[in-house]
Amino acid sequence: MRIIGLLVIIGFGWASCFAQPTFSDSTALIPRPVSVRPASGSFLLTRQTRLLAGKSVPAATLTMARQLLGFPLSATTSATSTASTLQLRIDSTAIPKPEGYRLLIRTTAIDLTAHDDAGLFFGLQSLRQLLELAAPMGRIRCQQIDDYPRFPYRGMQLDVSRHMFPVSFIKKYIDGLARYKLNTFHWHLTDDQGWRVEIKRYPQLQRTAAYRAQTMIGHKKELPHRFDGKRYGGFYTQDEVRAIVRYAAERHITVIPEIEMPGHALAALSAFPNLGCLKPDGSPGGPYAAATFWGIFDDVFCAGNDSTFTMLTNVLDEVIDLFPSRYIHIGGDECPKVRWQTCARCQARIRSEKLANENELQRYFIRRIEKHLNRRGRQLIGWDEILEGHNPSLRLSDSAAVMSWRGIEGGIQAMRQHHYAIMTPESHVYFDYYQSLHPDEPLAAAGYTPLRKTYSYEPLPDSLDADEARYLLGVQGNVWTEYMPTPDKAEYMVFPRLLALAETGWTPRPQRDFPDFLRRLRQQRPLLDRQNVHYDPHFDEPTDTVSVSPAGQVLYALTTTKPGAQLRYTTDGSAPTKRSTLYTQPIAVTQTSTIRSALFVNGQQQDRVISQAFTISKATGKPVTVSPQPSGAYRPASMQVLVNGRTGTTRYNTGEWVGFSGTDPDIVVDLDSLQTISQVSTHILAYRWQRMWPPKQLRISVSTDGNTYRPVYEQTQFPTNGINPVDGKFTPTQARYIRIQATGQGLIPAGEYGAGGKAWLLLDEVIVR
Ligand code: TNX
């Protein structure tokens, strides 16, 4: 923390500030307050400023106030003798909203009145931001801020299993949450790749489950998988955990621990092989070892073995003693059922409990654990899969809460069933996904979630009525650390998206405005720098879109959010300079070329060069029909992405690839007129570790009338893990319609990642010559 630096700056800077008062702009606050009323005049924090506090204000809060403001404020009981005061008060009548506060800044006094201690803390965070934004002068404008959170739950998660971070970093992370008025730290402590919390009763968890033999290098979609050969691991001692819980509590942050079950349990099984399922022949399962790469693993806790529940409830008892949170997170996500299907004990449990299937066995598992938590006075929280296997006799208590991550459906379902829900959809608030499509971005998980997308997320689904909407507790950003081996990398992925999430959780919906958020974020950069936060600085980088006009022309549009910046571009492959063509409107792309663009402010290039290649062919911009319809996230807004001149890249979640889940696509491009053609090309994206498989066969046929097609090319081998170019060459022929059919897209074969599930087929860009 850089409080010392700030103190020096304010301490020595104040003398000169009467000459040239600079004001911090109250609306530079993040999250944006409910209401700000500016007044005339300004307040200057000086060494004479006294801290005045009512009896209801805890001593710890006064200490925190000094620490937050970085100023040696001495306390006083009366304001008479001093030049200026900072007065703290708790008054739940004047400030009716929990966590709410009113900050009244006048020329000689700042009055901070809050509903509760948390409100004081968040009010102090606002004051601190105002002072820091005003640094080095420390003079802030008179104003009244009335503020309170939109949602009671505002969380950030951190996975310490895939990669572990030092206690110092956990504290810095908690500081980051506190600054932006988040109030929950969801600590993902166990997973397949390592068990990270000390459990005194089971030293084998520390000895064995906390370590993996080595760690994967690169992205799991790349084959062959590569490893670093280095043993990796560690755990947080109970003393460290207690210190972190205390540190968080002082900052009004609740720590919710997560102990994963019944899936994501490989590390635990490595220490307790007897808690795995029996093999089909009845022999014990295993041996198990903590996972060395990323994904979902079939080996899970045995649900038929009572010892599983004994061990887990003993673990939870120690966890409950460590964490005073109302909720205990038990995971519940991504639990394959294949072992349960062939385990004699699990099958016996299904019979004895009269369960319909393995999904109900999962519910039985969760419900049994829930009963234990409830007996200990705690409530269960889990990922949305805890709603699986609905069976009235296994109903979770009303108090169980659901974290909706596979989109928002789980959350909606939960709220309809009157369970509290926290929205954490991977589509918007997974901070392990790329923030930019620039090729220089450091390695990240699969998705693409730019800042604007995170910011655009509205947690309250339209489909809920007012009664159901009461069950929306709030929002959370998730930080899975497969590709974040260091604290710096984690910060790069988390910031500034955390600030966008914080605003979503705090600020009333009508006050949220992305351009205004960006303006404030730019002002906050020096604050992040001073905190030594390694945030992603590219949030004003240009973004591009490709569309096809009604007349069939490819249009390349660029936008920038950077004020006063000019976009300039070249089409000959050269690097853009301040003398390159100025971008004023979408560029009509008429020939195969690469457009490179960059931002310039006062003739100086800003940020990175954006590059986009186009292939223009006889098919470009022509009408396309696709059947059956593409599936899920790979169903583009327009099928003309297949002929927009742009080919999908290995960053595949951008709407460019057209995807089919378990179905065989049939694509027809109409060239509008009979033409002589001799080549049809396309691309197949096959990443087995993303469940993306090539077809058994791809056939290209042509037609003059759209009824009778003649095959001209077939391909059955798609050897590349990644993008497979398909180049169908044939003797020149007359045709108007081009048809591409891919077949054999069924279930993922046994022994492969995601076996038995539907394979995806991804296809993009039809090029006809
Ligand atoms: C899914 S989100 C997971 C995690 C992975 C994450 C990677 C959830 C409940 N489970 O185990 O780390 O995807 O994005």
Side-chain angles (χ1 to χ4, degrees), residues 155-165 186-196 212 215-216 218-221 256-268 290-301 327 329-336 362 366 380-388 401-411 414 421-435 442-449 453-454 475-485 489-490 493-494 497 501 632-633 651-653 687 689-691 753-754 757:
M156 280 291 291
Q157 177 256 28
L158 183 67
D159 164 14
V160 293
S161 173
R162 278 59 177 266
H163 284 102
M164 196 182 167
F165 305 94
H186 166 180
W187 202 0
H188 185 78
L189 286 163
T190 75
D191 213 304
D192 298 300
Q193 293 81 4
W195 182 285
R196 304 272 175 253
R212 60 178 178 252
T215 302
M216 156 174 267
H219 199 282
K220 75 163 182 215
K221 71 187 181 189
I256 297 183
E258 179 179 351
I259 305 295
E260 270 268 21
M261 62 190 82
H264 286 294
L266 257 185
T292 54
F293 60 99
W294 324 124
I296 301 173
F297 300 88
D298 286 343
D299 289 312
V300 303
F301 283 117
Y327 289 111
H329 203 305
I330 54 77
D333 61 306
E334 298 180 326
C335 178
Q362 151 119 351
I366 304 291
L380 176 139
I381 188 165
W383 300 109
D384 52 50
E385 288 96 328
I386 63 170
L387 295 173
E388 265 173 22
V402 172
M403 270 186 186
S404 191
W405 74 275
R406 297 174 298 177
I408 61 170
E409 279 314 311
I422 291 150
M423 302 307 257
T424 69
E426 65 173 323
S427 54
H428 291 77
V429 292
Y430 265 42
F431 297 161
D432 54 335
Y433 290 180
Y434 282 104
Q435 301 172 84
L443 181 67
Y448 171 48
T449 307
K453 188 166 186 197
T454 296
V475 285
Q476 176 173 290
N478 290 340
V479 187
W480 303 102
T481 57
E482 287 93 334
Y483 304 109
M484 301 178 207
K489 179 78 181 283
M493 301 307 288
V494 167
R497 287 184 288 199
L501 175 92
R651 306 272 173 83
Y652 45 79
N653 279 308
Y687 277 128
W689 281 82
Q690 299 294 141
R691 303 186 175 84
Y753 182 75

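Numbering of ligands and ligand atoms starts at 1, following listing order.
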Review point. Who passes side chain to side chain donor-acceptor pair (under 3.5 Å) against H329, sequence neighbours left out?
Key: none

Check your understanding: Taking only residues two or more places apart in sequence or in another chain, which ones pass side chain to side chain donor-acceptor pair (under 3.5 Å) with T215?
Key -> R212

Point to revise | Aromatic ring proximity H188/W480, centre distance under 6.0 Å | key: yes

Point to revise | Protein residues that have a heavy atom under 4.0 Å from any atom of ligand 1, sorted by chain and number | key: R162, H264, D333, E334, W383, W405, Y430, D432, Y433, W480, E482

Review point. Between Y753, Y687, F293, which is the residue that forms a side chain to side chain contact (heavy atoms under 4.5 Å, CB included) with K220?
Key: Y753

Practice item. Sort out for me which residue in M484, R497, M493 forms a side chain to side chain contact (heavy atoms under 4.5 Å, CB included) with V479. Key: M484

Check your understanding: Got a sec, which residues hit side chain to side chain contact (heavy atoms under 4.5 Å, CB included) with A291, two or more places apart in sequence or on another chain?
Key -> D192, Q193, L266, F297

